[in-house]
Amino acid sequence: MSHLQLAPNIYDCSSCQTRCDGKSIGVYDFEKDVNFSEAIEEQIIKQINKSNPNLFAFKTKKNGYPDIEIISKTSIDKPVCYIEIKVQSRTFMSIERILPNSNLKPSETIALNLSDLERYFEIHEKEKTDLYIVWCLKNRNCINNQNTDLYFHQNIIELKKIRLKDTTNFRKFKRATGIGDVVNGQHKGVLVNYHFSLNELIQGIPTIPNQ
């Protein structure tokens with residue numbers, strides 16, 4: 001089924017016959033989202049290790065750090081880079097109404113927990129090491145042709161530039177607490193998101209040069 005494309009990664013939602021549901025689901029399965037992310041992590045770790053014989057990627061044990069840490073086999077003391085994995089399986093169909101000054105369209109919009117984003121800014125400043133965010137995009141029919149998963153990434157430096165320019169928080173949104181946000185008495189769900197455009201990202205996973 002064809003979708004009316006207006007610009008790169010921007011489609012006419014009003015003419016779409018498989019329009020994404022714009023209603024808030026109210027139920028957020030935190031554990032399911034974690035399992036999704038961990039499965040994607042494993043795929044990316046395997047891909048990096050297979051294509052970079054001089055590098056070793058693994059799930060980091062550093063608390064609060066991005067999911068994947070990559071080191072050089074010839075110099076294991078300092079990480080080559082970090083990679084955080086996010087799975088985007090829902091579409092923010094109401095972004096033009098709720099965040100009208102963001103100038104973002106639903107089909108291009110990607111989200112990230114604002115507190116995570118700010119923590120990665122701090123980690124990058126501390127470590128002085130490359131840090132990437134990778135989004136796995138699912139269930140967006142206009143972009144995910146034949147329901148295939150697509151990856152998009154960006155260096156934290158570029159994401160920080162975008163965030164710093166948004167002095168009026170036009171891209172920031174806080175949703176209401178929903179069922180599933182609280183796990184074993186602790187609030188785990190994401191409430192405050194920050195939004196980017198797919199056109200501000202690079203398709204695929206980061207290319208890490210062999211050291």
Side-chain angles (χ1 to χ4, degrees), residues 24-25 28-45 48 57-70 79-92 95 98-99 102 104 108-138 140 149-178 180-184 186-198 200-202 205-206 208:
S24 176
I25 59 175
Y28 302 90
D29 194 332
F30 176 79
E31 292 183 348
K32 182 179 179 181
D33 288 345
V34 170
N35 291 335
F36 261 142
S37 294
E38 289 181 347
I40 299 300
E41 286 172 32
E42 289 300 318
Q43 292 178 26
I44 292 178
I45 286 172
I48 291 172
F58 58 96
K59 186 172 179 64
T60 191
K61 295 182 179 180
K62 297 176 181 177
N63 187 40
Y65 272 58
D67 300 307
I68 299 173
E69 185 173 343
I70 301 175
V80 172
C81 72
Y82 296 97
I83 298 176
E84 172 67 14
I85 308 300
K86 297 296 182 185
V87 178
Q88 184 83 56
S89 57
R90 292 185 288 270
T91 305
F92 193 179
I95 190 167
I98 295 174
L99 298 177
S102 69
L104 293 172
E108 69 177 306
T109 301
I110 207 89
L112 179 63
N113 183 342
L114 181 57
S115 62
D116 282 351
L117 181 64
E118 292 174 343
R119 187 172 73 254
Y120 301 144
F121 292 159
E122 293 174 1
I123 290 172
H124 178 258
E125 285 296 316
K126 175 184 175 182
E127 298 280 350
K128 306 298 182 185
T129 299
D130 283 340
L131 194 159
Y132 299 94
I133 311 295
V134 173
W135 283 267
C136 176
L137 186 67
K138 294 175 172 285
R140 199 165 295 184
D149 294 345
L150 291 178
Y151 295 99
F152 294 84
H153 75 273
Q154 189 52 272
N155 192 301
I156 198 69
I157 295 173
E158 298 304 317
L159 298 179
K160 187 174 183 179
K161 290 177 183 177
I162 295 168
R163 175 66 180 122
L164 290 177
K165 287 181 180 179
D166 184 19
T167 56
T168 48
N169 286 319
F170 285 154
R171 296 184 177 205
K172 176 182 173 182
F173 175 66
K174 181 177 181 179
R175 68 166 174 81
T177 297
D181 282 331
V182 179
V183 180
N184 296 325
Q186 289 188 318
H187 198 290
K188 298 285 189 177
V190 175
L191 289 185
V192 183
N193 274 326
Y194 194 77
H195 300 85
F196 297 98
S197 168
L198 290 174
E200 295 167 335
L201 312 179
I202 301 168
I205 66 171
I208 314 298

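All values below come from the heavy atoms of this structure, side chains included, with hydrogens, waters and symmetry mates left out. All values reported here derive from a predicted model rather than from experimental measurement.
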Nearest 0.5 Å, what's the [atom1]-[atom2] distance between [X] and [Y]?
X      : Y      : atom1 : atom2 : result
Cys136 : Ile205 : SG    : CD1   : 11.0 Å
Asn113 : Lys86  : CG    : NZ    : 6.0 Å
Ile85  : Ile44  : CD1   : CD1   : 3.5 Å
Ile156 : His124 : CD1   : NE2   : 8.0 Å
Leu159 : His153 : CG    : NE2   : 10.0 Å

Leu198 vs Leu137, test: side-chain contact (heavy atoms from CB on, under 4.5 Å). Steps then yes/no. CA-CA 10 Å; Leu198 290 174; Leu137 186 67; 4.0 Å; yes
Short question: side chain of Asn193, backbone of Ala111 - any donor-acceptor pair under 3.5 Å? no
Which heavy atom of [X] sits nearest a heavy atom of [Y], and at what distance?
X      : Y      : result
Arg140 : Glu108 : NH1-C, 4.0 Å
Leu104 : Ser197 : CD2-CB, 3.7 Å
Arg163 : Leu117 : CD-CD2, 4.5 Å
Lys62  : Pro79  : NZ-CG, 3.9 Å
Pro206 : Val134 : CD-CG2, 3.5 Å

Could you tell me which residues satisfy side-chain hydrogen bond (donor to acceptor under 3.5 Å, both in side chains) with Gln154, sequence neighbours excluded, listed by chain and number? none
Of all residues at least two apart in sequence or in a different chain, which pass the side-chain hydrogen bond (donor to acceptor under 3.5 Å, both in side chains) check with Thr60?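 For Thr60, the residues satisfying side-chain hydrogen bond (donor to acceptor under 3.5 Å, both in side chains) (neighbours in sequence not counted) are Glu69.
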Going by the rule ring pair (Phe, Tyr, Trp, His ring centres under 6.0 Å), which residues pair with [X] if we only count those two or more places apart in sequence or in a different chain?
X      : answer
Tyr194 : Phe196
His195 : Phe92
Phe121 : none
Phe58  : Phe56

Check the pair Tyr65 / Glu127 against side-chain contact (heavy atoms from CB on, under 4.5 Å), numbers first and verdict last. CA-CA 11 Å; Tyr65 272 58; Glu127 298 280 350; 2.5 Å; yes
For Lys61, what residues pass the salt bridge (Lys or Arg N to Asp or Glu O under 4.0 Å) criterion, not counting sequence neighbours? none
Suppose we screen for salt bridge (Lys or Arg N to Asp or Glu O under 4.0 Å). Which residues come up paired with Glu200, at least two apart in sequence or across chains? Arg171
Under the side-chain contact (heavy atoms from CB on, under 4.5 Å) test, residues paired with [X] that sit two or more places apart:
X      : value
Asp130 : Cys81, Tyr132, Asn155
Glu122 : none
Gln43  : Ile40, Tyr151
Ala57  : Ile45, Ile48, Asn49, Ile68, Ile70

Should the pair Arg119-Glu84 be classified as a salt bridge under the 4.0 Å nitrogen-to-oxygen rule?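 No salt bridge links Arg119 with Glu84.
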Using side-chain heavy atoms (C-beta onward) and a distance below 4.5 Å, is Val192 in contact with Ser115?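 Side chain of Val192 against side chain of Ser115, heavy atoms only: no contact under 4.5 Å found.
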Would Trp135 and Leu112 count as a side-chain contact (heavy atoms from CB on, under 4.5 Å) here? Give the steps. CA-CA 9 Å; Trp135 283 267; Leu112 179 63; 3.9 Å; yes
Please lay out, stage by stage, how Phe152 and Ile110 fare under the test side-chain contact (heavy atoms from CB on, under 4.5 Å). CA-CA 10 Å; Phe152 294 84; Ile110 207 89; 5.7 Å; no
